[in-house]
Participant: 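Pasting in a structure now, in structure tokens, and then I'll have a few things to ask.
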Amino acid sequence: MIDENLLWLLSSYRTSEISGALFFGQLARRLKPGAIQMDMTAHFADEAQHARYWTDCIAELGAQPLKLDASYQDKYLAAAGLPANLMEILAITQVFEKRVIRQYASHVSVPGLLPEIARTFDRILQDEKWHVRWVGDALQSLAADYGADEIARTLDRYREADEAVYRATLEEHQQRLAALDWTRR
Amino acid sequence: MPAESTPPAADDELLEAMARQLGLPPGSVRADQRLADLVPSSFSLVELLIELQEQHGIRLVQDDLRALVTAGDLAALVRSKQR
């Protein structure tokens with residue numbers, strides 16, 4: 001059986017992937033057909049798969065996922081303000097996906113990473129890199145409509161919010177990660 | 001003719017559209033209802049905003065959202081952007 005900190009972390013990843021899948025699935029349903037809708041459809045399918053991978057991983061480790069109230073994304077929206085249009089949604093997604101990659105990378109670097117977890121990260125991280133790439137391309141494609149300066153300002157605004165959420169919320173993630181790392185004790 | 005007449009038909013149509021998008025029964029969204037009571041989460045509100053923009057060919061920005069409290073406020077905002 002895995003320890004409480006590890007179960008909480010894996011469950012939080014799973015909750016976050018489920019929230020992402022549901023949100024982008026709903027958005028993909030509402031957007032007009034086109035390149036952004038196509039990539040968003042692939043994106044939400046990835047996130048749903050990632051939730052499945054974490055569910056399977058937790059099961060392989062002999063546990064059941066915890067039911068966590070709020071996903072990281074909920075806290076993000078509270079701190080950054082609601083995105084009001086497609087460009088703002090893509091901007092907050094870009095910043096968020098980069099944060100996810102950093103968070104996952106910091107977990108991967110914890111000594112003694114269990115093979116079940118390492119395999120799950122391997123499967124997910126390639127997709128996450130593609131998420132950053134397609135969202136970046138989509139933002140560039142919107143520059144003519146929204147203005148490159150406005151997109152840059154929006155990204156800056158969400159980066160500031162990201163730092164605030166990271167300090168306030170991910171501190172718990174870091175503490176739980178540190179608790180997994182016996183070499184830091 | 002009242003000095004400040006409102007186009008109730010246009011607002012009713014938007015309130016009906018909101019009810020549909022939120023999966024609520026027809027006629028169940030009133031102008032004075034708080035958006036916070038209508039949408040189950042922030043994500044749902046963002047989805048509603050995107051749907052309204054896609055349907056009405058308008059664009060909202062974050063500043064537009066600051067004064068939004070009720071469903072009527074949102075209907076009025078959409079109407080003002082359509083002008």
Side-chain angles (χ1 to χ4, degrees), chain A residues 15-34 36-37 40 44 47 68-93 96 138 142 144-147 149-151 153-158 160-161 165, chain B residues 10-11 13-26 28-29 31 33-83:
Chain A
T15 302
S16 179
E17 299 284 3
I18 290 173
S19 292
L22 293 172
F23 179 59
F24 287 116
Q26 291 287 357
L27 276 184
R29 194 160 66 98
R30 286 168 161 80
L31 290 179
K32 291 192 176 80
I36 290 179
Q37 192 211 39
M40 196 171 279
F44 88 72
E47 305 253 309
L68 303 177
D69 286 339
S71 71
Y72 186 46
Q73 290 98 319
D74 295 321
K75 293 166 186 167
Y76 233 65
L77 291 188
L82 290 186
N85 56 50
L86 180 60
M87 181 277 285
E88 292 186 356
I89 288 170
L90 292 172
I92 198 171
T93 300
F96 175 75
L142 293 176
D145 277 348
Y146 288 83
D149 288 348
E150 180 56 23
I151 292 173
R153 272 195 298 275
T154 304
L155 283 167
D156 283 345
R157 178 156 50 87
Y158 285 133
E160 282 174 23
V165 175
Chain B
D11 277 358
E13 198 178 300
L14 281 164
L15 295 174
E16 281 309 296
M18 287 183 215
R20 271 198 309 278
Q21 287 151 24
L22 293 169
L24 300 171
S28 63
V29 173
Q33 274 182 296
R34 290 169 52 87
L35 286 167
D37 297 331
L38 282 170
V39 296
S41 68
S42 304
F43 284 122
S44 302
L45 180 54
V46 175
E47 289 158 17
L48 176 62
L49 297 174
I50 293 296
E51 177 87 34
L52 290 169
Q53 289 173 81
E54 291 282 312
Q55 280 192 350
H56 297 278
I58 57 168
R59 181 180 300 162
L60 303 177
V61 296
Q62 202 173 49
D63 277 351
D64 293 328
L65 310 186
R66 296 190 204 290
L68 282 187
V69 178
T70 65
D73 293 338
L74 180 53
L77 174 63
V78 171
R79 205 156 24 82
S80 73
K81 294 279 181 178
Q82 286 177 304
R83 285 178 192 144

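Below, chain A is the first sequence line, B the second, and so on; all start at residue 1.
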Participant: Do you know which two heavy atoms are closest between B:E47 and A:L22, and how far apart they sit?
Facilitator: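 Result for this residue pair: OE2-O, 4.5 Å.
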Participant: Let's test your reading of the structure: which of B:L49, B:V61, B:L45 forms the most heavy-atom pairs below 4.5 Å with chain A?
Facilitator: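 Heavy-atom pair counts peak at B:V61.
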Participant: Under 4.5 Å heavy-atom distance to chain B, tell me which part of A:A80 shows up: side chain, backbone, both or neither.
Facilitator: backbone
Participant: Report yes or no: does A:N85 contribute a side-chain atom to a donor-acceptor pair with the main-chain N or O of B:L60 at less than 3.5 Å?
Facilitator: yes
Participant: Let me know if A:I89 has heavy atoms under 4.5 Å from chain B in its side chain, its backbone, both or neither.
Facilitator: side chain
Participant: Which atom pair, heavy atoms only, marks the closest approach of B:L65 to A:L82?
Facilitator: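 Answer, listing the atom of B:L65 first, then A:L82: CD1-O, 3.7 Å.
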Participant: Let me know if A:R29 has heavy atoms under 4.5 Å from chain B in its side chain, its backbone, both or neither.
Facilitator: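 Contact with chain B is absent: no heavy atom of A:R29 under 4.5 Å.
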Participant: Give the C-alpha distance, both sets of side-chain angles, the deciding distance and a yes or no for salt bridge (charged side-chain N to carboxylate O under 4.0 Å, His left out) between B:E54 and A:R30.
Facilitator: CA-CA 7 Å; B:E54 291 282 312; A:R30 286 168 161 80; over 6 Å; no
Participant: Between B:Q55, B:R66, B:E51, who has the most heavy-atom pairs with chain A when the cutoff is under 4.5 Å?
Facilitator: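 When all of B:Q55, B:R66, B:E51 are compared, B:E51 has the most.
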Participant: For A:G81 and B:Q62, which heavy atoms make the closest approach, and how far apart are they?
Facilitator: C-NE2, 3.2 Å
Participant: Taking side chain as C-beta onward, heavy atoms only, is B:R59 less than 4.5 Å from A:L86?
Facilitator: no
